[in-house]
2 protein chains.
Amino acid sequence: MTASSTDPTGTPGGTGTGTGTPGGASSGARRSDATRGAILTAARERFASDGYERATIRAIAKDAHIDPSMVMRYFGSKEGLFAAAVALDLRLPDLTAVPRDEVGRALVGHFLSLWEENEELTAVLRVGATNQAGAERMQGIFRDQLLPVARQACPDPEQIPVRAALCASQLLGLALTRYVLRLPPAVALHPQEIVAWLAPTVQRYLTAPSP
Amino acid sequence: MTASSTDPTGTPGGTGTGTGTPGGASSGARRSDATRGAILTAARERFASDGYERATIRAIAKDAHIDPSMVMRYFGSKEGLFAAAVALDLRLPDLTAVPRDEVGRALVGHFLSLWEENEELTAVLRVGATNQAGAERMQGIFRDQLLPVARQACPDPEQIPVRAALCASQLLGLALTRYVLRLPPAVALHPQEIVAWLAPTVQRYLTAPSP
DNA sequence: CTCGTAGGCCAACAGGTGTTGACGTCGATG
DNA sequence: CATCGACGTCAACACCTGTTGGCCTACGAG
C-alpha cells in the first residue's frame, strides 16, 4: 500500500542471493539501515515544517549528513521518499471495547496524543494541503483507517461516511489551527481542555440522531 | 493593512499630475486596469488550486495573456502579488442583530456561502498551510475579523479567544476536508446538511458554558 | 502634427531543483 | 591474498524559478 506505483530500485543489495545480512539468522539488517533511518527522520522533519515543495532533497540530505544522490538511490525519487517517510498508521483504538457514550472522548484523546508526540501527521497534513498526491494519500487514510472505526460506533450504516467525514473535519480542523496555522489561542489550549471541548462534538457526530 | 511592508512601485502612472484618467471627472480608471484585474483573477485561481510555491508567476501571466514581467511591474514581487490577490474581507454579519440562539447557524451559513462562491478563501487557506507568511496572514484574519464577531456573541470576555479558536477549528476543518483534501463524503454533503450538523457545534463553542 | 509616456514584450541573468552517471573505498567472501 | 559488491562522494546535466533591464508601440496631450 505504501509504495504501489513507484518502486524503481527498492533497496540496493537485492537480498536475493542470501550472501548479505551479516550477524545472524533471520534479521534483514543491512549496513545501510542507519543511513536509511537518518534520511527518513530528516525527511519527516522537513516535510512537516516546510511542506512538500520547499522540503528539498538537498536539505534533507544535508540534515542526514549524506549526499543527495543517496536519497535517490534508496528511494528512487522525491515522491518515493515521501511515500516511505509517511507510512501513516493512526493505530486507532478498538471502539467496540469503549462504552458507547465515551467514543468521542476516546477518539479526541487518541488523536491529540498522536499529534503531540510525532510530526508525521503534521507532515501529511501540510503536504495534503499542498500536493495532489498528498491529498489522495489523506483520502486513503480516511477511507482505510477512520471509516472502519466509525463503523464500530455508528448506528445507521448508511450514514457512516458522512459522520466520519464530520469527525475528520473537526479533528483535522483542530490540527490545522493548532499545529499548522498556529492561531495563538489554539496553541495555548491545554490538551485536557481540548478533549473537554471537542469530545462532545465528535460524540454527537458519531452517535446522535441526524438533525 | 493589505500591503504594509512591500510597496516597491505601486502602480505605474503615479496618478499625481492629473494628466491621465481619460473620460471623466473623478474616477481613477486607468487603461491598464483590465490587465491588472486579469492578473489578480488568474493569481487567485492559481494560488487556490496550486498553493504558493507551485503557482508560478509565469503560469499566472500566461493565464492572464500577458508577459511575466508585467506582474513584477504591477505588484513588485510574488509576495506583493499574493498580498494584493487575497485582500480577504470575510464580511462577517453583525451578530448583535441575530437572536442569541441563532448565531451558530448564521455563522456557518455565512462561511459556507462565502466559500462556495469565491476561491479567495481556498487560496489563503492553502497558502496558509504551505507558507509562513500565509500562516501569519491567516492569524491576522482571525484576530481582526473573527475575534470581534465572537466578542458579540460570547458571554465571558475572558473566554473569547478560546471560543473563537474553537469555531475556527471547526469552520476551517470543514473547508479543509471539503475544498482542499476533497474527502468524498465531505464533498457530497449538501450545504443545508452542513449547516444542520455544524451550527449546533459552533453555537455551543460560542455560547454554552465551558465544560 | 509632434512628442512624452504608459503599457507591453523580449531576452537574459543568477540561483536553485530533481536527477543521473562515473568514480573511489571499505568490508566481507572465495 | 585477491575479488566483488554494497556504500558513499563528486561533478554535472537539463530544467525551471523569480527577477531585471532594454526596447518597441500606440494613445492622448500640447
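Chain naming here is simple, since letters A, B, ... match the order of the sequence lines and numbering starts at 1 in each.
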Whole angstroms only, please: what is the CZ-P distance between B/F75 and C/dG8? 12 Å
When you measure from the side chain of B/S77, which nucleotide among C/dG7, D/dT19, C/dG18 comes out closest? D/dT19
How many Å lie between CD on B/E53 and P on C/dT17, as a whole number? 11 Å
Can you tell me how far P of C/dT17 sits from CD1 of A/I60, to the nearest Å? 11 Å
Take atom OH of B/Y52 and atom P of D/dT17, then tell me their distance rounded to the nearest Å. 14 Å
Under the 3.5 angstrom rule, does the side chain of A/E53 hit a backbone N or O of B/E53 as a donor-acceptor pair? no
Distance-only, no hydrogens or angles: does the B/R54 side chain make a donor-acceptor pair with backbone N or O of A/N131 under 3.5 Å? no
Among the nucleotides C/dG18, D/dT19, C/dC9, whichever has the atom closest to the side chain of A/K78 is C/dG18
Report yes or no: is there a donor-acceptor pair, N or O only, under 3.5 Å between the side chain of B/T56 and the base of D/dC16? no
Is the shortest side-chain N to carboxylate O distance from B/E116 to B/R178 below 4.0 Å? yes
Let's see if you can work this out: which of C/dG7, D/dG8, D/dG21 has an atom nearest to the side-chain heavy atoms of B/Y74? C/dG7
Over 60° means perpendicular and under 30° means parallel, so tell me whether B/F47 and B/F82 are parallel, tilted or perpendicular. perpendicular
How is A/T35 classified with respect to the nucleic acid when contacts are heavy atoms under 4.0 Å: base, sugar-phosphate, or nothing? sugar-phosphate
Report the nucleotide, chosen from D/dT19, C/dC10, C/dA22, that has the shortest atom-to-atom distance to any side-chain atom of A/R73. C/dA22
Whole-Å distance between D/dG18 P and B/K62 NZ? 14 Å
Check whether the side chain of A/R58 and the base of C/dG16 form a donor-acceptor pair under 3.5 Å. no
Whole-Å distance, B/I66 CD1 to C/dG8 C1', equals 9 Å
Ignoring hydrogens and angles, tell me if any N or O in the side chain of A/R137 forms a donor-acceptor pair with the backbone of A/V86 under 3.5 Å. yes
Taking CE from B/M72 and P from D/dG18, how many angstroms apart are they, rounded to a whole number? 9 Å
Of the listed nucleotides (D/dG21, C/dG8, D/dT9), which one gets closest to any side-chain atom of B/M70? C/dG8
So which nucleotide from C/dT19, D/dG8, D/dT19 ends up closest to the side chain of B/P68? D/dT19
Please state how far atom CZ in A/R54 lies from atom P in C/dG16, giving the value in whole angstrom units. 13 Å
